[in-house]
**Student:** 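Please find one structure pasted underneath; my questions will follow.
By convention in this document, chain letters (A, B, ...) are assigned in the order of the sequence lines, proteins followed by strands, and residues within each chain are numbered from 1. Not measured: the values here are computed from a predicted model.
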There are 2 protein chains.
Amino acid sequence: MKIDERHLIQLAAVVKTGGVTEGAALLGLAQPAVSRTLSMLEKRVGEPLFIKGRRPLRPTPLGLSLAEHGLVMLAASRKASDLVESFRIGKSGVVRIGGTPFFMDALIARLCAEFQTSHPDVRIDQSYGYFSDLRAALRADQIDLAICPIDILDEGSGLEFQQILPGRNVVACRVTHPLLLKRRPQPSHLLDYPWIAPPPGSPLLADLRALLLSFGATEIKIRYTGGSLMSVINYLKSADALTVMPHSVVFAQRKEKTITALPITIPHPERALAILKRIDAPRAPAVDQFAEFVRAGFQDLRHLIKRHEESVIWGL
Amino acid sequence: MKIDERHLIQLAAVVKTGGVTEGAALLGLAQPAVSRTLSMLEKRVGEPLFIKGRRPLRPTPLGLSLAEHGLVMLAASRKASDLVESFRIGKSGVVRIGGTPFFMDALIARLCAEFQTSHPDVRIDQSYGYFSDLRAALRADQIDLAICPIDILDEGSGLEFQQILPGRNVVACRVTHPLLLKRRPQPSHLLDYPWIAPPPGSPLLADLRALLLSFGATEIKIRYTGGSLMSVINYLKSADALTVMPHSVVFAQRKEKTITALPITIPHPERALAILKRIDAPRAPAVDQFAEFVRAGFQDLRHLIKRHEESVIWGL
DNA sequence: TATCTTCATAACAATCCGTTATATTGTTTT
DNA sequence: AAAACAATATAACGGATTGTTATGAAGATA
């Protein structure tokens with residue numbers, strides 16, 4: 001005996017409200033529709049669902065039991081409708097983001113938390129990678145957004161990218177570093193201290209190499225490599241080591257007062273932090289909202305970072 | 001955004017089984033029906049529910065969430081179908097029985113328990129009353145069955161009654177009662193002992209009066225009245241009192257070896273224990289099954305009781 | 001008894017459903 | 001890389017069901 005689910009829901013509405021008219025109103029239907037449904041149900045079930053000739057309407061035990069199941073369905077239906085609604089306005093769903101480790105750790109994680117104060121039902125799945133990995137992950141639909149530095153020249157190929165921060169690197173060290181005592185540290189001084197190399201494969205590593213070349217240096221003391229941002233910072237805290245970092249990452253740590261940037265200008269990489277999306281794929285609304293949130297967040301940061309850069313590096 | 005419940009269920013079936021074809025099979029539908037449902041759902045929801053161009057079919061997060069709600073509905077629907085099925089074969093539902101206290105306590109309660117070994121999901125609601133109450137309760141649809149002694153002459157009036165045991169009364173006493181030592185106790189001896197009167201309003205009370213009249217007795221010592229069967233038995237256990245009881249009730253207590261019947265024949269009431277139903281009303285299948293169970297149970301008891309009567313009362 | 005509310009029925013239009021037949025697409029095999 | 005295979009999407013159609021409004025019947029209430 002297969003029972004039409006809609007019928008059960010209508011039965012539940014009638015039992016719940018105590019009348020055909022009210023039940024129909026609850027479902028936004030006309031009374032005769034529900035009335036007919038009930039007679040059809042009774043005919044199919046072959047047993048009375050309501051006690052006849054009594055008003056207010058009273059269900060039989062069977063009718064009551066069936067109505068309970070209908071109520072379950074009604075609730076599930078409501079929840080499903082709400083889910084769709086909240087998904088469409090970007091208030092629920094999953095956002096899968098990938099990015100370069102330092103940016104994610106230093107800047108994005110905090111933004112995720114902030115985003116969820118207004119979008120508590122959105123889940124964020126984060127993963128790490130560099131440009132080529134992220135591009136592949138985007139194309140394979142393993143992530144929805146990538147946040148990473150890309151060469152300004154890189155273009156198209158099905159990906160849309162939105163620049164959110166110009167690429168500026170600095171030499172980072174702990175706040176007690178001896179080089180900070182000099183008014184104008186010279187690049188040659190940099191070679192006197194141990195260095196932390198950025199993770200293999202990272203753009204920063206390439207930046208470090210370019211930096212050395214610009215000094216004409218052939219060798220520096222690499223003493224530590226491979227650590228995540230937290231490892232690097234903790235290492236820096238404990239030694240007079242140096243490393244190359246995006247300025248924004250150092251900026252994000254300014255409140256901790258543990259690391260800072262040396263007042264030395266080094267070449268800008270031809271790169272910018274950007275948000276990458278697939279241009280063709282349909283994205284969940286929550287993804288677009290998150291991307292916009294990140295973009296707006298960086299927009300706010302931009303001049304703060306600029307001013308910080310001028311004061312720290314140029315000493316203005 | 002209202003969503004058709006049937007659509008959600010089909011979605012759930014597809015997600016659960018991992019394919020349109022299998023999902024359709026699970027629901028007993030053809031594949032194109034389900035396929036079309038999915039496209040309609042996607043169009044209405046406005047968001048993709050499955051990742052396009054990938055097989056085996058993989059749902060999007062939204063599709064997965066919606067499918068979970070659908071699964072709830074599917075389960076509820078299955079349960080409802082099972083419920084109807086078991087109700088129709090009398091394996092679930094409610095049976096509301098009413099009856100005279102002594103019979104219910106001595107005989108019917110045990111039958112209820114036995115009935116439920118084969119019908120564990122049937123609930124039995126028991127209540128007490130005498131004929132006129134029970135008849136009213138039946139007519140008001142407060143009970144489904146009444147089990148009580150009725151005059152053979154009583155007839156019709158919308159009620160069907162089925163005789164299950166002839167009315168035989170005995171004089172009951174404890175097994176150590178002194179009258180049991182006499183080979184042939186005479187009616188006059190009965191007046192020497194204290195009596196328990198059956199509850200006011202009960203047919204037994206009328207029987208007691210008739211009994212007295214037949215002895216020409218004008219007065220007996222009523223020492224106790226108003227108790228339920230258990231009270232009466234416990235009273236009898238502790239005193240050499242006498243009372244009138246249906247023989248079947250005494251019979252039901254034979255295993256306890258605490259009360260028995262005096263070997264004295266007293267007039268049969270023109271009554272029989274019967275099952276009463278409304279003749280017009282639709283009854284739940286479980287009710288009919290229970291009535292039949294009770295009838296069959298008494299049928300089995302009948303000759304046992306007869307033999308017991310002969311051996312106890314006639315000393316055969 | 002009269003009135004009022006609520007439920008049941010009738011009639012009709014529109015939608016939706018489920019079917020079979022067929023095309024398309026993604027995957028696997030050679 | 002082409003071909004074979006399997007699964008899904010589309011098309012077309014008959015029929016069932018759903019929704020509506022208008023109206024009649026039956027309890028409840030005064």
Side-chain angles (χ1 to χ4, degrees), chain A residues 1-45 48-60 63 67 70 73-74 77 139-141 280-282, chain B residues 1-45 48-60 63 67 70 73-74 77 139-141 280-282:
Chain A
M1 168 66 25
K2 187 176 145 288
I3 300 179
D4 193 320
E5 292 77 22
R6 193 176 315 202
H7 293 178
L8 276 187
I9 289 180
Q10 293 188 14
L11 171 67
V14 170
V15 169
K16 181 188 169 91
T17 60
V20 177
T21 307
E22 299 93 313
L26 180 68
L27 300 176
L29 298 178
Q31 168 264 324
V34 177
S35 181
R36 184 177 46 185
T37 291
L38 292 183
S39 11
M40 289 178 77
L41 236 187
E42 263 186 354
K43 195 176 300 175
R44 294 183 99 159
V45 168
L49 301 177
F50 289 91
I51 296 169
K52 298 298 163 196
R54 273 270 175 280
R55 245 168 359 193
L57 228 48
R58 241 192 30 210
T60 63
M73 297 169 86
L74 181 57
S77 178
R139 293 211 173 113
D141 193 31
D280 53 331
Chain B
M1 168 66 24
K2 185 176 147 291
I3 300 180
D4 191 321
E5 293 76 20
R6 193 176 316 203
H7 292 180
L8 275 187
I9 290 179
Q10 293 188 13
L11 171 68
V14 170
V15 169
K16 181 190 171 88
T17 61
V20 178
T21 308
E22 299 92 314
L26 180 69
L27 300 175
L29 298 177
Q31 168 264 324
V34 177
S35 181
R36 183 177 46 188
T37 291
L38 293 184
S39 12
M40 290 177 76
L41 237 187
E42 263 186 355
K43 195 177 299 176
R44 292 186 133 180
V45 167
L49 301 177
F50 288 92
I51 296 169
K52 297 301 164 195
R54 274 265 173 282
R55 245 167 0 193
L57 229 49
R58 241 188 35 211
T60 62
M73 294 189 188
L74 183 56
S77 178
R139 292 211 172 112
D141 193 30
D280 54 330

**Student:** Find the distance Phe50(B):CZ to dG26(C):P and express it as a whole number of Å.
**Tutor:**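 Going from CZ in Phe50(B) over to P in dG26(C) covers 16 Å.
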
**Student:** So, taking the atom named CD1 in Ile9(B) and the one named CD in Glu5(B), what distance separates them when rounded to the nearest 0.5 Å?
**Tutor:**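 It is 8.0 Å, given to the nearest 0.5 Å.
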
**Student:** Provide a list of protein-nucleic acid N or O atom pairs under 3.5 angstrom, restricted to nucleotides 18-23 of chain D.
**Tutor:**
{"from": "dT18(D)", "atom 1": "OP1", "to": "His7(A)", "atom 2": "NE2", "distance (Å)": "2.6"}
{"from": "dG19(D)", "atom 1": "N7", "to": "Arg36(A)", "atom 2": "NH2", "distance (Å)": "2.5"}
{"from": "dG19(D)", "atom 1": "O6", "to": "Arg36(A)", "atom 2": "NH1", "distance (Å)": "3.2"}
{"from": "dT20(D)", "atom 1": "OP2", "to": "Ala30(A)", "atom 2": "N", "distance (Å)": "2.9"}

**Student:** Output all residues satisfying side-chain hydrogen bond (donor to acceptor under 3.5 Å, both in side chains) with Thr60(B), sequence neighbours left out; order by chain, then residue number.
**Tutor:**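 Here no residue qualifies.
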
**Student:** Show me the donor-acceptor pairs within less than 3.5 Å that the side chains of residues 25-44 of chain A make with the rest of the protein, sequence neighbours left out.
**Tutor:**
{"from": "Thr37(A)", "atom 1": "OG1", "to": "Gln10(A)", "atom 2": "OE1", "distance (Å)": "2.8"}
{"from": "Thr37(A)", "atom 1": "OG1", "to": "Ala33(A)", "atom 2": "O", "distance (Å)": "3.1"}
{"from": "Ser39(A)", "atom 1": "OG", "to": "Ser35(A)", "atom 2": "O", "distance (Å)": "3.0"}
{"from": "Ser39(A)", "atom 1": "OG", "to": "Arg36(A)", "atom 2": "O", "distance (Å)": "3.2"}
{"from": "Glu42(A)", "atom 1": "OE1", "to": "Lys52(A)", "atom 2": "NZ", "distance (Å)": "3.0"}
{"from": "Glu42(A)", "atom 1": "OE2", "to": "Leu49(A)", "atom 2": "N", "distance (Å)": "2.8"}
{"from": "Glu42(A)", "atom 1": "OE2", "to": "Phe50(A)", "atom 2": "N", "distance (Å)": "3.2"}
{"from": "Glu42(A)", "atom 1": "OE2", "to": "Lys52(A)", "atom 2": "NZ", "distance (Å)": "3.2"}

**Student:** Side chains of Val15(B) and Leu11(B), heavy atoms from C-beta outward: is any pair under 4.5 Å?
**Tutor:**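 A side-chain contact exists here, since the closest heavy-atom pair is under 4.5 Å.
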
**Student:** Angle between the end axes of the helix from dT1(C)-dA30(D) to dT30(C)-dA1(D), five pairs per end, to the nearest 10 degrees?
**Tutor:**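 Computed from the C1' atoms at both ends, the axes differ by 50°.
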
**Student:** In residues 20-27 of chain B, what residues come within less than 4.0 Å of DNA chain D, judged by heavy atoms?
**Tutor:**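 Here the set is Val20(B), Thr21(B).
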
**Student:** For Asp141(A), enumerate each residue passing the salt bridge (charged side-chain N to carboxylate O under 4.0 Å, His left out) test, keeping only those at least two apart in sequence or located in another chain.
**Tutor:**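 For Asp141(A), the residues satisfying salt bridge (charged side-chain N to carboxylate O under 4.0 Å, His left out) (neighbours in sequence not counted) are Arg96(A), Arg278(A).
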
**Student:** If I take atom CG in residue Leu41(B) and atom C1' in nucleotide dC17(C), what distance separates them, rounded to the nearest angstrom?
**Tutor:**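 Leu41(B) atom CG is separated from dC17(C) atom C1' by 14 Å.
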
**Student:** What heavy-atom pair brings Ala12(A) and Ala67(A) nearest, and what distance separates the two atoms?
**Tutor:**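 Heavy atoms only, the tightest pair is CB-O, 3.4 Å.
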
**Student:** Take the protein atom CZ of Arg44(B) and the nucleotide atom P of dT15(C), then report the distance between them rounded to whole Å.
**Tutor:**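 Answer to the nearest Å: 12 Å.
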
**Student:** When the distance from CG of Leu38(B) to P of dC16(C) is rounded to whole Å, what number comes out?
**Tutor:**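 Result: 16 Å.
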
**Student:** Give the rounded distance in Å between these two atoms: CD of Glu5(A) and P of dT17(D).
**Tutor:**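 Answer to the nearest Å: 14 Å.
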
**Student:** Can you tell me how far the CZ atom of Arg6(A) sits from the OG atom of Ser77(A), to the nearest 0.5 Å?
**Tutor:**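 Spacing of CZ (Arg6(A)) from OG (Ser77(A)) equals 10.0 Å.
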
